Amino acid sequence: MGELLDGLQAHAERLAGTPLPALIAADPARASDFALRCGPIYANFARQRYDRAALDALFSIAERADLADAMRRLLEGEQVNPTEGRAALHGALRGTAAGSAFALAARAQALSAQLRMRELVESLAASPVTDVISIGIGGSDLGPRLIVDALARPDARFRVHFLSNMDGNAARRVLATLDPRRTAAVMISKTFGTQETLLNGAIVRDWLGDDTRLYAVSTNAERVAGFGIPPERTLPMWDWVGGRYSLWSAVGFPIALALGMDGFEALLEGAAALDAHALHAPLRANLPVWHALTAVWNRNALHAATQAVLPYDDRLRLLPSYLQQLVMESLGKSVRLDGSDIDLHTVPVWWGGAGTDTQHSFFQALHQGTQVVPADFIGVVRADHPYAANHAALLANLLAQTEALANGRDSDDPHRRYPGNRPSTLLLLDALTPQALGMLIALYEHSVYLQSVLWGINAFDQFGVELGKQLADRLLPALRGEREADDPVTRALLAELRGSAT
Ligand code: F6P
């Protein structure tokens, strides 16, 4: 795949002496030509450091990599995760963009789980329960947490709380404010073998006293039953959904509780519309394709080591953490699908935070630091609050930052000089509706997958996280003093923890 991207370097070198303001002055029409709309999402790539010739090269790579067929393979349920022998059919959780027999069968399973989820939401709504604790971690936490934080209304039927970290302080903090008689809990774990979720689930089960208000979402019905949660309070998951792609499944139960089932279904509709767009739009008019090509350009032609994501909407403050798992767990790989070493860089470090808070923390480095950090800026046109002056100022800041980063400003005083030439993409949502948020997340999912195709890596496994978990299991008895650690440094650290000198 390295060869596929070879030609890009020549374009980067050709453009090295042409900073963004010059690129735009030479071709002002790119302001609108490098923009596209997909339903409620408007995307503008005019402030990326490519010109039309470099874009032609990128789109010819997209054709040679056959990204259109890659989308079909994903959505039809082909085995896009060969190291685990699995499909990645999150598309079937939200619609029927592709009509293979496997995808349609998966769709039928998803719909029947949605029906059961609706029943459980209704039965809880008819009970005295006011609060629900969602217990899960990683893909079984970050998506629902993001959506609930972004879209739950203050007058929602349930308040939903999230418990992920195994640190007992997290459990203590969540439980401190709640009344066990009016609280239900749901343990979400694809494997039902995740240490954090089992530890926290046991704490909450004891705290509830009455375990009839404990629910589960998992692929592993046996382990769930072993934990004491019966099938009538268990919602299914399937191997063909990856954890970090699973918020559209019953993993979204907390979303349905916070937004109502109709709100959850609207989220799915938005994602389904993006699936259809990703599958059918020609490459040049295809938003995930533009986004993925831009990511590869910034990483492999401009050698950017990190990528910022900067939502200018407080409701999206958790988007950076959500995307960190989606992007870095998917693309943090250094071997190709065939197991050979990859000869170019894959995922950069993704990080970010909500504007305008971040303007007052790390933007100094974005403007004048030695590393260029490409950024995705995300804005929302409709405010959904009554403070018009704040919203106008927020949007003015959003536009100002993208302009300042791109154009910079010269000065005789080196300390007051802004180098500019710092690329960004602007994504504007008409309004932060469940549909629009569903589309935005699906856009990132598909961009991630297409990047993996361009790099020739597997976006759907995550073996990198296993070693640390295995070592932690082995070190638990050592921490209790039942055995010694093998590693000399760990031995010294254990001695320190036990408060005794070696
Ligand atoms: O951290 C690795 C991981 O396997 C993630 O991929 C996953 O989202 C998370 O753990 C939680 O896994 P589970 O849903 O099985 O509890």
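Since the structure is predicted, the reported quantities are computational estimates derived from the model, not experimental observations. Read the numbers this way: they start at 1 and go in the same order the structure lists the ligands and their atoms.
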- Query: Closest approach of L443 and H291, non-hydrogen atoms and distance?
  - Reply: CD1-CB, 4.3 Å
- Item | H345/H303 under side-chain contact (heavy atoms from CB on, under 4.5 Å): CA gap, chis, key distance, verdict | CA-CA 8 Å; H345 279 301; H303 309 293; 5.7 Å; no
- So do F377 and L427 actually touch side chain to side chain, heavy atoms under 4.5 Å? no
- Task: Taking the side chain as every heavy atom from C-beta outward, state whether N298 and Q48 have any atom pair closer than 4.5 Å.
- Result: yes
- Flag side-chain contact, heavy atom, 4.5 Å: F253 against V132: no
- State whether F460 and R86 meet the cation-pi test: NZ (Lys) or CZ (Arg) under 6.0 Å from the six-membered ring centroid, and within 45° of the perpendicular axis. no
- The protein residues that pass the under-4.0 Å heavy-atom test against ligand 1 are I137, G138, G139, S140, S189, K190, T191, T194, Q325, E329, Q462, V465, K469
